[in-house]
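Below: one structure, written as structure tokens.
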Amino acid sequence: MELMEVMRRRKSVRNYTDEPITEEQLAKILQAAMLAPTSRNFLPTNFIVVRDKELLEKLADAKDHSSGMLKKAACGIVVCGDAEKSDTWIEDCSIAMTYMHLMATELGLGSCWVQTRMRKKNDGTPAESLVREAMHIPAGYEIEGILSIGAVDRELTPRDEKDLKDARIHYETFDSCGE
Ligand SMILES: Cc1cc2nc3c(=O)[nH]c(=O)nc-3n(C[C@H](O)[C@H](O)[C@H](O)COP(=O)(O)O)c2cc1C
């Protein structure tokens with residue numbers, strides 16, 4: 001698919017079928033992560049591939065809402081960054097998450113970003129600490145979030161180009177308005 005077509009088809013998909021994703025699909029998603037740029041090429045990004053159902057349930061329970069799709073996902077990829085290696089680990093991890101999200105779309109898979117950084121359960125427990133414990137993530141590595149991935153039973157339909165609003169695009173100075 002042309003890149004613009006992939007971008008127009010990318011949506012946050014939170015419902016998956018029981019079909020597993022193939023090794024080839026997973027390999028391509030991880031290659032996309034490896035191709036993502038990092039500041040000064042310090043490569044602080046790390047990816048934990050989770051397919052074990054019990055572990056996926058633990059990850060889903062790291063928050064009280066907006067993470068339940070991980071229970072149905074064929075795979076979750078926890079993205080964490082070596083904060084000692086680079087002060088841009090958040091940016092680097094975010095770009096890698098986005099690359100994987102787009103590659104999943106290219107492969108016809110559903111995927112969704114699950115935010116854990118700065119999020120807490122209703123009882124105040126940081127989502128990040130639950131993910132760290134479940135994944136055995138050592139100190140010094142900060143957790144960006146999780147990409148849930150799964151098969152879908154329908155084609156991802158592209159957004160209409162005419163629906164792309166341009167009011168957030170400014171030319172030369174901020175006070176120009178695109179709309
Ligand atoms: C940084 C970031 C964090 C997000 N966190 C969550 C999340 O925790 N749970 C969720 O269901 N969706 C999450 N999303 C998905 C957004 O809700 C979604 O991208 C937005 O509503 C636009 O929908 P679209 O992705 O289908 O275009 C997140 C997206 C981003 C970029």
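Just so you know, ligand 1 is whichever comes first in the structure, and atom 1 is the first atom listed for that ligand.
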Next on the checklist: Applying side-chain contact (heavy atoms from CB on, under 4.5 Å), can you list everything that pairs with Glu142, at least two apart in sequence or on another chain?
Outcome noted: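 Once residues adjacent in sequence are excluded, the partners of Glu142 under the side-chain contact (heavy atoms from CB on, under 4.5 Å) criterion are Ala83, Trp89, Glu128, Arg132.
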
Checklist entry - Any donor-acceptor pair under 3.5 Å linking the side chain of Glu91 with the backbone of Cys93? => result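 Side chain of Glu91 to backbone of Cys93, a donor-acceptor pair under 3.5 Å: no, none is there.
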
Next on the checklist: Using only atom types and a distance under 3.5 Å, with no angle test, would you say the side chain of Lys28 pairs donor to acceptor with the backbone of Glu23?
Outcome noted: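 No; zero donor-acceptor contacts below 3.5 Å.
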
Next on the checklist: For Glu133, I'd like to know if atom CD has over 12 heavy atoms of other residues, nucleotides or ligands within 6.0 Å.
Outcome noted: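 Not buried by this count: 12 neighbours or fewer within 6.0 Å.
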
Next on the checklist: Taking side-chain hydrogen bond (donor to acceptor under 3.5 Å, both in side chains) as the definition, give me every residue that meets it alongside Lys58, ordered by chain and number, with sequence neighbours left out.
Outcome noted: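 Expected list: none.
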
Checklist entry - Who passes side-chain hydrogen bond (donor to acceptor under 3.5 Å, both in side chains) against Lys71, sequence neighbours left out? => result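 Lys71 satisfies side-chain hydrogen bond (donor to acceptor under 3.5 Å, both in side chains) with Asp61 only.
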
Checklist entry - In order of chain and number, which residues sit within 4.0 Å of ligand 1 by heavy atom? => result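 Those residues closer than 4.0 Å to ligand 1 by some heavy atom are Arg10, Lys11, Ser12, Arg14, Lys63, Ser66, Met69, Cys112, Trp113, Val114, Gln115, Arg159.
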
